[in-house]
Amino acid sequence: MFRTAKYRKGRATRILPWALGIFLALVVATAAFQVSAAESAQFQLTIVRASRTGSGIDKRLAFAEKSLLAHGFRQANYVRGHQFNLTGGRPQKFSVAESLSGVIELKSVIGEKGERVQFDIAVFEGSKKRAGAVYSIWKKGPPGIVIIGQTQDSAYIIIVMATG
């Protein structure tokens with residue numbers, strides 16, 4: 001009987017490291033899942049047709065009026081809006097105008113609380129890339145602005161805000 005008890009005790013000490021290892025692996029896997037789940041952000045895209053001549057900015061664009069004026073646009077009309085909940089590595093397509101389309105992709109969420117987002121945006125006319133850049137903006141902060149010139153005084157503008 002003494003021998004059986006000793007055998008059981010020895011067996012338990014051999015199983016304990018395995019159990020501890022499995023537990024730690026589960027903790028690490030859960031933490032990794034939580035980090036990847038945090039790699040998402042909500043975006044609001046506003047498509048605008050703007051001109052450097054004329055006057056009057058659509059009331060729906062009041063949130064971006066200062067930015068539009070700073071870029072020299074005196075007239076701006078709301079065209080359409082898009083909302084996306086982006087996850088890293090999953091680009092989303094959107095329409096800008098009849099012959100213009102775009103793609104936006106979340107690159108990363110930055111900061112302890114995910115207060116900044118980095119994203120890639122590209123605009124295409126058919127298969128030709130017209131504009132593209134990687135932006136880093138604050139969530140619920142000033143927007144990122146992409147200007148796609150059409151003529152000398154008019155352009156399509158994409159206003160990108162990270163809303164959450």
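This is a predicted model, so every value here is computed, not measured.
Under the 4.5 Å side-chain criterion, counting only non-hydrogen atoms from C-beta, Phe94 is in contact with Leu45. Two residues are said to be in side-chain contact when any heavy atoms from C-beta on lie closer than 4.5 Å; Gln118 and Val134 meet this criterion. Inter-residue side-chain proximity for Leu86 and Ile104 is flagged as met; some heavy-atom pair is nearer than 4.5 Å. Contact of the Val109 side chain with the Ser40 side chain is not registered, since no non-hydrogen atoms from C-beta on lie closer than 4.5 Å. The closest side-chain heavy-atom distance from Pro91 to Val103 is below 4.5 Å. Side-chain contact check for Arg74 versus Ser51: every heavy-atom pair is 4.5 Å or farther apart. Using a 4.5 Å heavy-atom cutoff, the side chains of Met161 and Phe63 are in contact. For the pair Lys59 and Leu61, the minimum side-chain heavy-atom distance is 4.5 Å or more.
His82 places a side-chain N or O within donor-acceptor distance of the main-chain N or O of Ser95, the cut-off being under 3.5 Å. Looking at Arg80, its side chain does come within 3.5 Å of a backbone N or O of Val96 through a donor-acceptor pair. With hydrogens and angles ignored, the 3.5 Å screen pairs a side-chain donor or acceptor of Arg130 with a backbone N or O of Gly149. Looking only at distances, a side-chain donor or acceptor of Arg116 sits under 3.5 Å from a matching main-chain atom of Ser136.
When all heavy atoms of Asp120 and Ala133 are compared, the closest pair comes out as OD1-O, 3.0 Å. Of all the heavy atoms in Ala122 and Lys129, the pair that sits closest is CB-CE, 3.8 Å. Heavy-atom minimum distance, Ala76 versus Leu68: CB-CD1, 3.8 Å. Ala162 approaches Val117 most closely through the heavy-atom pair CB-CG2, 3.6 Å. Closest non-hydrogen pair, Pro143 versus Ile137, comes out as C-CG2, 4.4 Å.
Hydrophobic clustering keeps Ile148 apart from Phe124 (ILVMFWY residues linked when any side-chain heavy atoms are closer than 4.5 Å, directly or through intermediates). Note: the hydrophobic cluster containing Val123 also contains Tyr135 (ILVMFWY, side chain heavy atoms under 4.5 Å, direct or indirect links). Hydrophobic clustering of Ile, Leu, Val, Met, Phe, Trp and Tyr side chains at less than 4.5 Å, counting indirect connections, unites Ile158 with Phe84. At a threshold of 4.5 Å between side-chain heavy atoms, the hydrophobic network of Ile, Leu, Val, Met, Phe, Trp and Tyr places Val79 and Ile157 in two separate groups. No path of Ile, Leu, Val, Met, Phe, Trp and Tyr side chains, each step under 4.5 Å between heavy atoms, connects Ile159 with Val146, placing them in separate hydrophobic clusters.
In this structure, the separation between CD1 on Ile57 and OH on Tyr78 is 16.0 Å, given to the nearest 0.5 Å. The CG atom of Asn77 lies 13.5 Å from the CD1 atom of Ile47; values are rounded to the nearest 0.5 Å. A distance of 5.5 Å separates CD of Gln150 from CG of Leu100, quoted to the nearest 0.5 Å. A distance of 6.5 Å separates CD in Glu39 from CG in Leu106, rounded to the nearest 0.5 Å.
Annotation: cation-pi pair Arg49/Tyr156 present, NZ/CZ under 6.0 Å from the ring centroid and within 45° of its normal.
Aromatic ring orientation, Phe43 versus Phe119: perpendicular (interplanar angle above 60°, classes split at 30° and 60°).
Of the charged side-chain nitrogens involved, none lies within less than 4.0 Å of a carboxylate oxygen, so that Lys139 and Glu115 do not count as a salt-bridged pair.
At most 12 heavy atoms of other shown residues, nucleotides or ligands fall within 6.0 angstrom of atom CZ in Arg90.
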